[in-house]
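Throughout, numbering of the chain's residues begins at 1 and tracks the sequence. Just so you know, ligand 1 is whichever comes first in the structure, and atom 1 is the first atom listed for that ligand. Computed from a prediction, not measured in an experiment: that's the story for all the values here. Both backbone and side-chain heavy atoms feed into the values below; hydrogens, waters and symmetry mates do not.
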Amino acid sequence: MAHGLVRRESVDTEMHKSGDKRKTFVFTKKRGYDVTRNPHLNKGMAFTLEERLQLGTHGLLPPCFISQDVQVMRVHKNYAMRKDDLDRYVFLMALQDRNEKLFYRVLLSDIERFMPIIYTPTVGLACQQYGLIFSRPRGLFVTIHDRGHIATILQNWPEKDIKAVCVTDGERILGLGDLGCNGMGIPVGKLALYTACGGMPPQQCLPVLLDVGTDNETLLKDPLYIGLRHKRIRGQAYDELLDEFMKAVSDRYGMDCLIQFEDFANVNAFRLLSKYRNKYCTFNDDIQGTAAVAVAGLLASLRITKSKMCDHTIVFQGAGEAAMGIAELITMAMEKEGLPKDECIKKIWMVDSKGLIVKGRDNLTHEKERFAHEHPPMKSLEDVVKELKPTAIIGVAAVAGAFTEQIIRDMASFNERPIIFALSNPTSKAECTAEQCYTLTEGRGIFASGSPFDPVTLPDGRTLYPGQGNNAYIFPGVGLGVIACTVRHIGEDIFLTAAEALAQLVTEKDLDEGRLYPSLCSIGEVSFKLAVQIMEYAYKHNQATLRPEPSDKEAFVRSLTYSTDYDEFVVDSYRWPEDSVTVQSCKL
Ligand code: NAD
């Protein structure tokens, strides 16, 4: 498809420079209900009379013509009548199944409102109820029994030009544990954000659920469960499935097809990342995406504390995927400032369920071993904080209230501006609330959370707006950038570049108000800017393989992005003989 991209670049670059509006035409041989019931083609009552006549849909629609703007208004009104978040999720998914452009247009009309429904936290609830709310399949289901045939299953997927795959095996869905095949809600939601936030065309995105069984007894007994009804198959068979899947995807869609791993259990997440990272174009969002968003928050904090990363001592509460990813990227940021690697690692401490991670402790995994220092064992986080006097504490253990009043007060006593990140999700699992952080530190605490918190007004009248370290700030932009210039392997340096770019997008005014991230409603522009920065970086460091290098990268990235405007239909079966849909941008 490289040829297609180049063609579109030249057209759109020209349009971008001249300020022309891009117009998209669709050529199709489909007729009648095949058009109105196809979510990629359907535009409801916005089809013009000419289109209705030509497409054979005249009479299949009410006679009125309704613009997309009015359709958006109708969706908003219907949405407001839904009684709870799960109902809102079902409503939005039904819209996605019916009219894709309208779905994305609605999301973009108020992304702050809709993101918590199609993504965390509601998507978690949706996965728990997936069997119940299931109406139409979305995404590709590959099971452990499909070994030997994955390439054939990929052939069944109707799109040939896939650029981004998001895959899960459903073993650790958010903080909800093993949801097996019901985990499909996660790749579906993530890829919807690739389009809504990053502008990736939805037809280029493929959600995949690898079903190897589930150890969730409740699901195994549930007559509505949609997955394989046996325990998880592990070991060699599991590894063979993953190996075959990675190869089959790359064979069919190219070595530059991005494969994002999502919500794999700890034990597989690290292992698979190190196994595949130098072989395929892949990353793990729970480890690397989280790392980038947290480090972006830290880099923004440094602009407040007027310090360098290597001036800090950081204690993690938790030593899992999130903690390891963040710690690795902090180390990289410190190294970039000139501190030797060993010294960087010494500035990072971790506390897990058994206490402070120290050298000689039993049963340390390879990942934990890296951050184990010479120190007597300590059990409680309070004691650790008192002893180590960190400048920053980061909570990623999903232990609600772990940042006690004493810890927050101690942090405020050692530091003029203590950095306190309570990143555990959902809100009920946060280590402390924004209000606790701000009030106990007299407004000096620099706070970020995993789940959103309301603004806090202090007794002195100042209102502070807590930063939400949402991974959606990172993965759509990284995906878009990597795909745009066909990076083959995504190193940690790409994530550090994304973190730096994100931190730079925070304004001084944002920082004054306590915000460590740009406003969520600007996420489309944020993703676009991250993508351009990643392209710049990738070309500079010889990681981009797309040739020739686009001279105007902004225009190039824009030319790849999806428009939610309805296309115009051109019926011409001689010029477009295939029975598929071909979309081409044309100058007005
Ligand atoms: P994980 O299961 O990989 O790791 C959890 C870690 O917590 C483990 O190391 C475990 O030993 C440790 N732990 C458990 N109980 C503990 C205790 N009592 N004291 C200290 N440590 C304890 O999970 P993860 O993927 O690392 O996610 C952890 C949390 O971070 C979740 O709540 C998740 O929602 C959140 N998270 C937030 C973001 C974000 O804000 N953008 C991104 C990813 C994860």
Peer 1: Indicate yes or no: does an N/O atom of Asn470 lie under 3.5 Å from an N/O atom of ligand 1?
Peer 2: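 The answer is no, given that Asn470 and ligand 1 share no N or O pair closer than 3.5 Å.
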
Peer 1: Tell me every residue that passes ring-ring contact (aromatic ring centres under 6.0 Å, His included) with Phe283, counting only those two or more places apart in sequence or in another chain.
Peer 2: Phe495

Peer 1: So if I count the atoms of ligand 1 from 1 in the order they appear, which ones are less than 4.0 Å from some heavy atom of Gly318?
Peer 2: 7 (O), 12 (C), 21 (N)

Peer 1: Quick check on contacts: which atoms of ligand 1 are under 4.0 angstrom from a heavy atom of Val399?
Peer 2: 15 (N), 16 (C), 17 (C), 18 (N)

Peer 1: Looking at Lys279 and Lys275, what are the two nearest heavy atoms and their distance?
Peer 2: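 Closest heavy-atom pair between Lys279 and Lys275: CB-O, 4.5 Å.
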
Peer 1: Taking the six-membered ring where the residue is Trp, are the ring centres of Tyr104 and Tyr562 under 6.0 Å apart?
Peer 2: yes

Peer 1: For Gly450, take its heavy atoms, then give the atoms of ligand 1 lying under 4.0 Å from any of them.
Peer 2: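 Counting atoms of ligand 1 from 1, those under 4.0 Å from Gly450 are 40 (O).
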
Peer 1: I'd like to check which ligand 1 atoms, numbered from 1 as shown, lie under 4.0 Å from a non-hydrogen atom of Ala398.
Peer 2: 32 (O)

Peer 1: With heavy-atom distances below 4.0 Å as the criterion, list the atoms of ligand 1 near Ala322.
Peer 2: 24 (P), 25 (O), 26 (O), 44 (C)

Peer 1: Kindly indicate, with the supporting measurements, whether the criterion side chain to side chain contact (heavy atoms under 4.5 Å, CB included) is fulfilled by Leu228 and Cys181.
Peer 2: CA-CA 8 Å; Leu228 293 176; Cys181 199; over 6 Å; no

Peer 1: Where on Asp352 is there a heavy atom closer than 4.0 Å to ligand 1, on the side chain, on the backbone, on both, or on neither?
Peer 2: both

Peer 1: May I ask whether Arg172 places a heavy atom under 4.0 Å from ligand 1?
Peer 2: yes

Peer 1: Of all the atoms in ligand 1, which lie at a distance below 4.0 Å from a heavy atom belonging to Gly469?
Peer 2: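 Result: 39 (C), 40 (O), 41 (N).
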
Peer 1: Does the protein put a heavy atom less than 4.0 Å from atom 10 (C) of ligand 1?
Peer 2: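 For atom 10 (C) of ligand 1 the answer is no, since every protein heavy atom stays at 4.0 Å or beyond.
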
Peer 1: Nearest 0.5 Å, please: how far is CZ in Arg277 from CZ in Phe261?
Peer 2: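 It comes to 12.0 Å.
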
Peer 1: Kindly indicate whether the side chain of Pro121, heavy atoms from C-beta on, has any atom under 4.5 Å from the side chain of Asn425.
Peer 2: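 No, side chains not in contact.
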
Peer 1: For ligand 1, which atoms, with element, lie under 4.0 Å from some heavy atom of Val351?
Peer 2: 20 (C), 21 (N)

Peer 1: Which atom pair, heavy atoms only, marks the closest approach of Pro116 to Thr122?
Peer 2: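 Closest heavy-atom pair between Pro116 and Thr122: O-OG1, 2.8 Å.
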
Peer 1: Look at ligand 1 and say whether Lys429 reaches it with a heavy atom at a distance under 4.0 Å.
Peer 2: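 No.
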
Peer 1: Does Tyr194 have any ring-ring contact (aromatic ring centres under 6.0 Å, His included) partners at least two apart in sequence or in another chain, and if so, which?
Peer 2: Phe475

Peer 1: Taking NZ, NE, NH1 and NH2 as the nitrogens, is one of them in Lys386 or Glu382 under 4.0 Å from a carboxylate oxygen of the other?
Peer 2: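 Salt bridge flag = no for Glu382 with Lys386.
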
Peer 1: What atoms of ligand 1 come closer than 4.0 angstrom to any heavy atom of Ser424?
Peer 2: 29 (C), 32 (O), 35 (C)

